[in-house]
Amino acid sequence: MKRTIVFVIGLLLLFSCKQEAKELKKETRIIEEKVEKSTKQIKEELVSKGFQIFDYVDEKSQDTILMQQYFIAFLKTGPNRSQSKEVADSLQVLHLAHLGKMYDLGYADISGPFGDDGDIRGITIYNVATLQMADSLANADPMVKSGRLVIEMHPWWAAKGFSLR
């Protein structure tokens with residue numbers, strides 16, 4: 001009886017060690033996949049794609065901050081606002097689909113409406129290399145094509161990799 005118990009405990013220990021080894025290999029693989037690119041690698045990649053960048057050393061943290069040029073599209077009230085409610089609602093659905101597609105393709109980083117009823121209705125921040133590309137993508141929006149919105153585009157610089165808080 002004691003031999004059987006010792007044998008079962010031995011099997012359980014052997015199995016648990018194999019399982020721990022598998023989990024350790026899996027964790028190591030995940031960590032290796034998460035290794036971030038160096039600032040130099042990011043800079044080289046952005047420059048090769050035509051992006052405008054510069055960097056500086058933050059005096060407080062001594063970190064190198066990489067700045068990238070983005071483009072902000074101000075979506076402003078357009079001249080053609082006389083569509084029926086059904087057409088306007090349909091255009092809104094197409095507008096949101098367009099913005100979602102821009103985000104999914106990596107062309108836009110953030111979009112959203114303003115909370116007032118002013119002339120500027122919202123913004124989209126484009127993560128593309130040129131003003132021409134940002135302008136082309138923004139003007140492909142069904143709301144812009146219909147004349148309900150017009151675009152005012154501006155270059156804008158932000159630190160690469162920083163998030164909103």
Side-chain angles (χ1 to χ4, degrees), residues 26-165:
K26 182 179 178 182
E27 288 176 18
T28 302
R29 204 170 38 249
I30 290 169
I31 290 169
E32 288 172 353
E33 290 172 2
K34 289 185 176 182
V35 171
E36 294 186 24
K37 296 178 185 175
S38 70
T39 301
K40 181 181 177 187
Q41 289 171 316
I42 295 169
K43 287 169 62 172
E44 288 171 354
E45 184 178 313
L46 289 170
V47 169
S48 74
K49 292 178 180 179
F51 285 90
Q52 299 294 312
I53 62 166
F54 70 88
D55 61 33
Y56 68 94
V57 176
D58 180 88
E59 289 181 21
K60 185 176 178 182
S61 69
Q62 293 301 301
D63 290 333
T64 298
I65 307 298
L66 180 60
M67 299 293 288
Q68 176 187 326
Q69 185 179 54
Y70 296 82
F71 298 93
I72 294 184
F74 289 90
L75 291 83
K76 300 172 74 174
T77 302
N80 185 7
R81 309 280 297 176
S82 61
Q83 296 93 348
S84 68
K85 180 175 178 3
E86 293 78 21
V87 170
D89 289 347
S90 175
L91 286 169
Q92 180 68 11
V93 169
L94 295 171
H95 166 69
L96 294 174
H98 172 77
L99 293 175
K101 181 179 177 183
M102 294 297 97
Y103 183 81
D104 290 343
L105 292 172
Y107 295 139
D109 282 346
I110 193 164
S111 297
F114 286 114
D116 57 14
D117 199 24
D119 185 45
I120 302 174
R121 309 301 294 166
I123 63 166
T124 298
I125 300 175
Y126 286 92
N127 183 3
V128 295
T130 67
L131 176 66
Q132 293 76 18
M133 182 159 186
D135 192 62
S136 176
L137 294 170
N139 279 289
D141 185 324
M143 282 284 216
V144 176
K145 286 181 170 183
S146 74
R148 278 189 75 78
L149 296 173
V150 294
I151 298 298
E152 181 181 314
M153 190 71 69
H154 294 272
W156 178 67
W157 291 89
K160 191 77 178 157
F162 284 53
S163 60
L164 295 174
R165 347 181 211 177

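Bear in mind that the values here come from a model prediction, so they are computed numbers and not experimental data.
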Backbone of Asp119 reached by a side-chain donor or acceptor of Thr77 within 3.5 Å: yes
query: Between Tyr126 and Ala138, which heavy-atom pair has the shortest distance, and what is it?
result: OH-CA, 3.4 Å
- request: Measure the spacing between CG of Asp141 and CG of Leu75 and express it to the nearest 0.5 Å.
  value: 6.5 Å
Interatomic spacing from CG in Asn80 to CE in Met143 - rounded to 0.5 Å: 11.0 Å
- prompt: Counting N and O atoms only, with roles assigned by atom type, does the side chain of Gln41 sit under 3.5 Å from a partner on the main chain of Ser38, one being a donor and the other an acceptor?
  reply: yes
task: Provide the full list of salt bridge (charged side-chain N to carboxylate O under 4.0 Å, His left out) pairs with a residue in residues 79-98, sequence neighbours left out, each pair given once.
output: Lys85-Asp89
message: On a heavy-atom basis, which atom in Pro142 and which in Leu91 lie closest, and how many Å separate them?
response: O-CD2, 3.9 Å
query: Under the side chain to side chain contact (heavy atoms under 4.5 Å, CB included) criterion, do Tyr56 and Thr64 qualify, and how do the steps go?
result: CA-CA 6 Å; Tyr56 68 94; Thr64 298; over 6 Å; no
- prompt: Quick one: side chain to side chain contact (heavy atoms under 4.5 Å, CB included) partners of Glu152, sequence neighbours excluded?
  reply: Phe74, Lys76, His154
Counterpart residues, salt bridge (charged side-chain N to carboxylate O under 4.0 Å, His left out), relative to Lys160 (two or more places apart): none
4.5 Å side-chain heavy-atom contact, Leu149 and His95: yes
query: CG/Asp58 to CG/Asp55 distance, rounded to the nearest 0.5 angstrom?
result: 12.5 Å
task: Go through the steps for Gln69 and Ile53 under the test side chain to side chain contact (heavy atoms under 4.5 Å, CB included), then give the verdict.
output: CA-CA 6 Å; Gln69 185 179 54; Ile53 62 166; over 6 Å; no
- prompt: At their closest point, which heavy atom of Tyr107 faces which heavy atom of Met133, and how far apart are they?
  reply: CE2-CE, 3.5 Å
message: Using every non-hydrogen atom in the two residues, find where Asn127 and Phe51 come nearest and quote the distance to one decimal.
response: OD1-CE2, 3.4 Å
statement: Rounded to the nearest 0.5 Å, the NE2 atom of His98 sits from the OH atom of Tyr103 at a distance of 15.5 Å
- line: Sorted by chain and residue number, the salt bridge (charged side-chain N to carboxylate O under 4.0 Å, His left out) partners of Asp135 (sequence neighbours excluded) come out as none
task: Would you give the length of the straight line joining atom CZ of Phe162 to atom CD1 of Ile65, rounded to the nearest 0.5 angstrom?
output: 4.0 Å
- prompt: So which heavy atom on Ser111 is nearest to which on Leu99, and how close?
  reply: OG-CD2, 3.9 Å
Minimal non-hydrogen separation, Met153 against Phe71, with atom names: SD-CB, 3.8 Å
- prompt: Do Val128 and Tyr70 pass the side chain to side chain contact (heavy atoms under 4.5 Å, CB included) test, and can you show the C-alpha distance, the side-chain angles, and the key distance before you say yes or no?
  reply: CA-CA 7 Å; Val128 295; Tyr70 296 82; over 6 Å; no
statement: Ser146 meets the side chain to side chain donor-acceptor pair (under 3.5 Å) criterion, sequence neighbours left out, with none
- prompt: Hey, mind stepping through Lys145 and Asn139 against side chain to side chain contact (heavy atoms under 4.5 Å, CB included) and telling me if it holds?
  reply: CA-CA 7 Å; Lys145 286 181 170 183; Asn139 279 289; over 6 Å; no
query: Who are the side chain to side chain donor-acceptor pair (under 3.5 Å) partners of Gln83, not counting sequence neighbours?
result: Arg148
- line: Rounding to 0.5 Å, atoms CG (Leu66) and NZ (Lys40) come to a distance of 14.0 Å
